[in-house]
K.L.:
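Below you'll find the structure I mean.
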Number of protein chains: 2
Amino acid sequence: MTKPTAQTIVDAALETLREEGFAGATSRAIARRGEFNQALVFYYFGSLEGLLLAALEQASEERLARYRAAVADVQSIDSLIPVMADLWEQDKASGHVRVISQMIAGAVNRPELTQRVVDLMQPWVELAEETVRRVLPPFVPPREAADAIVTFYLGVNLMTNLDPETARADAFFAKARELAPLLTPLLPLLSASAGSPGRPATSPDQASAT
Amino acid sequence: MTKPTAQTIVDAALETLREEGFAGATSRAIARRGEFNQALVFYYFGSLEGLLLAALEQASEERLARYRAAVADVQSIDSLIPVMADLWEQDKASGHVRVISQMIAGAVNRPELTQRVVDLMQPWVELAEETVRRVLPPFVPPREAADAIVTFYLGVNLMTNLDPETARADAFFAKARELAPLLTPLLPLLSASAGSPGRPATSPDQASAT
DNA sequence: GTCTATACTTGGATAGAC
DNA sequence: GTCTATCCAAGTATAGAC
C-alpha cells in the first residue's frame, strides 16, 4: 500500500509542491517526502519535469470533475456565486490552490513547461464558456467572458499565494454574494440596452481595425 | 558610459529577465549579457536576489510614474479605458510585461522574494483605489475594486506570458472599448438601485458567519 | 522494480591579485 | 572597483548491483 508505485510518487510530488513550492520540488525532496528512492522518479517518469506535469494533470482533472459537477445544474448568477465560493474554499483548504499557483508560476519561469500547462488550462476555459452561455444573459460575449474568468481566477490564485494574509479572494466572494442579488433585477435592463447587436461603433475615433 | 556601474548591472538584469526569463536570469547570464564580470553582481548587490529585486523596483517605479501621469486627469470610464489600453500596449512593447510576469512568478516560487514583491505591489493598489474613487460611481467599493483590478491585471500579465499567441488582453480591451459607452448611461440606474447601503442581507440562507 | 553510488553540470558566492 | 580563480552546494540523471 505504501509501495512506491507511480501513484505514490505523484502524491509525493503534489505534497511537495504544496509544502515546499515549485522551487523546492526537486527529485530529491520529493523522494525524501514520499520515502522512496530518488532514482524512481526517473524510472517512472523519465524526468522531474515529466513527474511534475503528471502531478498537475491529475490535480487538474480531479478538480475539473468537481467543478463540472457543482456547476452542472446552476441556472442563475445568484446560485452560481455561492457555488463558486464553496469550490474556492475547498481548493484553498485542500492545498489545490497552492499546487496550481506553484506550477503555473513554474510554467511562466520555465519555457519547457508552458505549452503543456496551457493545454491543461483549455478545458477550464471551455467549462467557463459553457457556463457563461447558460447562466449569463446573451449580450455577454461568452468567449471573452470565459477568458476573463479564467484569467481572473489565475490572478486570484497567485495573489493568494503571494499574500495569503490579505485574503482578497474571500473579500471578493463576500462582495459578490452581497452584490449579486442587487444586480440580478437589473440584467433585463442591461439586456434591453445592449441587446441590439448590429449597431455601428459608438466611438470610432480609436485605432482602426485590420 | 558603458562602465559597469550599478545601473549598467540593473539594465543587464532587466534585459536578461526579458529575454531569458527568471530561470535564465543567473548571475552568470546577466554578466555575460552586460559584458561585465560576474563577481560584480555580488560586489554591488550582495546577492543575485538583491539585484533582481533592485531591477524590479526600478521597473516598477518607472512604470508607476507613467501610469500616474496618464490617469491623473481621467474623470470617466469612457476616457479611462483607452488610456489603460494604451498603457498596456506600451508595457507589452517595452517588455515590461515580461519582466513583471517573470519576477512575480519567481516570487511565487521563491518565498525569499515574496515579501518584497508584495511591498512593491502596494503603491499600485493605492493608485487603483484612488482612481476607482474618482472615476467609478460611489456604490462601487473602492478597496475591493482596486484589489480586483490589480488581481486581474496580474492574471492578464501571466496569461500573456504563458500564451502570447492568444492575446486575450487585446481582446479584453477591444471588448471594453466596445462596451463602455453602452454601460455608461446605465450607471445612474445601478447607483439608484444599489445606493441604499444599510439594508439587511438578502439571502441569509448561506453558512453562518463566525 | 528498487537500491547505492556516482558522474556531470550549473550556479551562487568568496578570496585575493591587480 | 574590477578581474581570475576557485570553492562549494545542490540538483538531474544514469550505471549497475541486487
Side-chain angles (χ1 to χ4, degrees), chain A residues 1-56 102-103 105-114 116-117, chain B residues 1-56 102-103 105-114 116-117:
Chain A
M1 216 175 287
T2 324
K3 286 269 179 61
T5 124
Q7 184 57 50
T8 319
I9 298 180
V10 167
D11 291 342
L14 289 170
E15 199 184 321
T16 310
L17 280 168
R18 237 179 288 131
E19 304 289 327
E20 308 187 37
F22 180 87
T26 69
S27 59
R28 285 169 144 97
I30 293 168
R32 207 179 308 130
R33 198 168 275 271
E35 291 172 272
F36 51 81
N37 195 279
Q38 182 239 352
L40 292 176
V41 166
F42 302 94
Y43 176 76
Y44 279 105
F45 297 92
S47 68
L48 173 62
E49 187 184 316
L51 167 57
L52 293 178
L53 287 173
L56 178 62
Q102 290 299 321
M103 280 302 293
V108 169
N109 283 341
R110 310 245 166 137
E112 324 86 74
L113 297 181
T114 41
R116 187 86 191 89
V117 170
Chain B
M1 209 164 294
T2 324
K3 286 269 180 59
T5 125
Q7 184 57 48
T8 318
I9 298 180
V10 167
D11 290 342
L14 288 170
E15 199 184 321
T16 310
L17 280 168
R18 238 179 287 130
E19 304 289 327
E20 310 187 36
F22 181 86
T26 67
S27 60
R28 287 171 143 96
I30 293 168
R32 207 179 308 132
R33 197 168 276 271
E35 291 173 272
F36 50 80
N37 194 281
Q38 182 238 352
L40 292 177
V41 166
F42 302 94
Y43 176 76
Y44 278 105
F45 297 92
S47 66
L48 173 62
E49 186 184 319
L51 168 56
L52 293 178
L53 288 172
L56 177 63
Q102 290 299 322
M103 281 302 293
V108 169
N109 282 341
R110 309 247 166 131
E112 323 88 74
L113 297 180
T114 42
R116 188 84 190 90
V117 170

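Numbers restart at 1 for each chain; the letters A, B, ... are given by sequence-line order, proteins then strands. Just so it is clear, the structure is predicted and the values come from calculations on it, not from any experiment.
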K.L.:
Pick one: which of B:Leu17, B:Leu14, B:Leu52 meets side-chain contact (heavy atoms from CB on, under 4.5 Å) with B:Ile30?
P.N.:
B:Leu52
K.L.:
Can you tell me if B:Ser27 touches the phosphate of C:dG11, counting only side-chain N or O atoms and a distance under 4.0 Å to OP1 or OP2?
P.N.:
no
K.L.:
How far apart are the closest heavy atoms of A:Phe22 and A:Gln102, and which atoms are they?
P.N.:
N-OE1, 2.9 Å
K.L.:
Do the non-hydrogen side-chain atoms of A:Val41 and A:Phe36 ever get within less than 4.5 Å of each other?
P.N.:
yes
K.L.:
How many whole angstroms separate atom CD of B:Glu112 from atom C1' of C:dG12?
P.N.:
13 Å
K.L.:
Could you tell me how far apart B:Leu51 (CG) and C:dG11 (P) are, to the nearest whole angstrom?
P.N.:
15 Å
K.L.:
Between B:Thr114 and B:Val108, is a side chain to side chain contact (heavy atoms under 4.5 Å, CB included) present by the stated rule, with each step listed?
P.N.:
CA-CA 6 Å; B:Thr114 42; B:Val108 169; 5.8 Å; no
K.L.:
Check the distance between C:dG11's P and B:Arg33's CZ and give it to me in whole angstrom.
P.N.:
14 Å
K.L.:
Where each residue is assigned the nucleotide of DNA chain C containing its nearest heavy atom, which of A:Gln38 and A:Tyr43 is assigned the position nearer the 5′ end?
P.N.:
A:Tyr43
K.L.:
Taking the side chain of A:Ala39 as its heavy atoms from C-beta onward, which of C:dA13, D:dA13, D:dT14 lies nearest to it?
P.N.:
D:dT14
K.L.:
I want to verify a distance call: between C:dT14, D:dT2, C:dG11, whose nearest atom is closest to the B:Arg28 side chain?
P.N.:
C:dG11
K.L.:
Rounded to whole Å, please give me the gap between CD1 in B:Ile30 and C1' in C:dG11.
P.N.:
12 Å
K.L.:
Starting from C1' on C:dG11, measure out to CG on B:Leu52 and report it in whole angstrom.
P.N.:
13 Å
K.L.:
Answer yes or no: is there an ion pair linking A:Glu20 with A:Arg33, defined by an N-O contact shorter than 4.0 Å?
P.N.:
yes
K.L.:
For the side chain of B:Asn37, starting at C-beta, report the closest nucleotide among D:dT14, D:dC3, C:dC3.
P.N.:
D:dC3
K.L.:
As a test of reading the structure: which of C:dT14, D:dT2, D:dT4 is closest to the side chain of B:Leu40, going by heavy atoms?
P.N.:
D:dT2
K.L.:
Can you tell me how far P of C:dG11 sits from CZ of B:Arg110, to the nearest Å?
P.N.:
11 Å
K.L.:
Could you tell me how far apart B:Tyr44 (OH) and C:dT14 (P) are, to the nearest whole angstrom?
P.N.:
17 Å
K.L.:
Between P on C:dT10 and CZ on B:Arg32, what's the gap in Å once rounded to a whole number?
P.N.:
10 Å
K.L.:
Please figure out whether A:Thr26 or A:Gly46 has its closest DNA chain D nucleotide nearer the 5' end.
P.N.:
A:Thr26
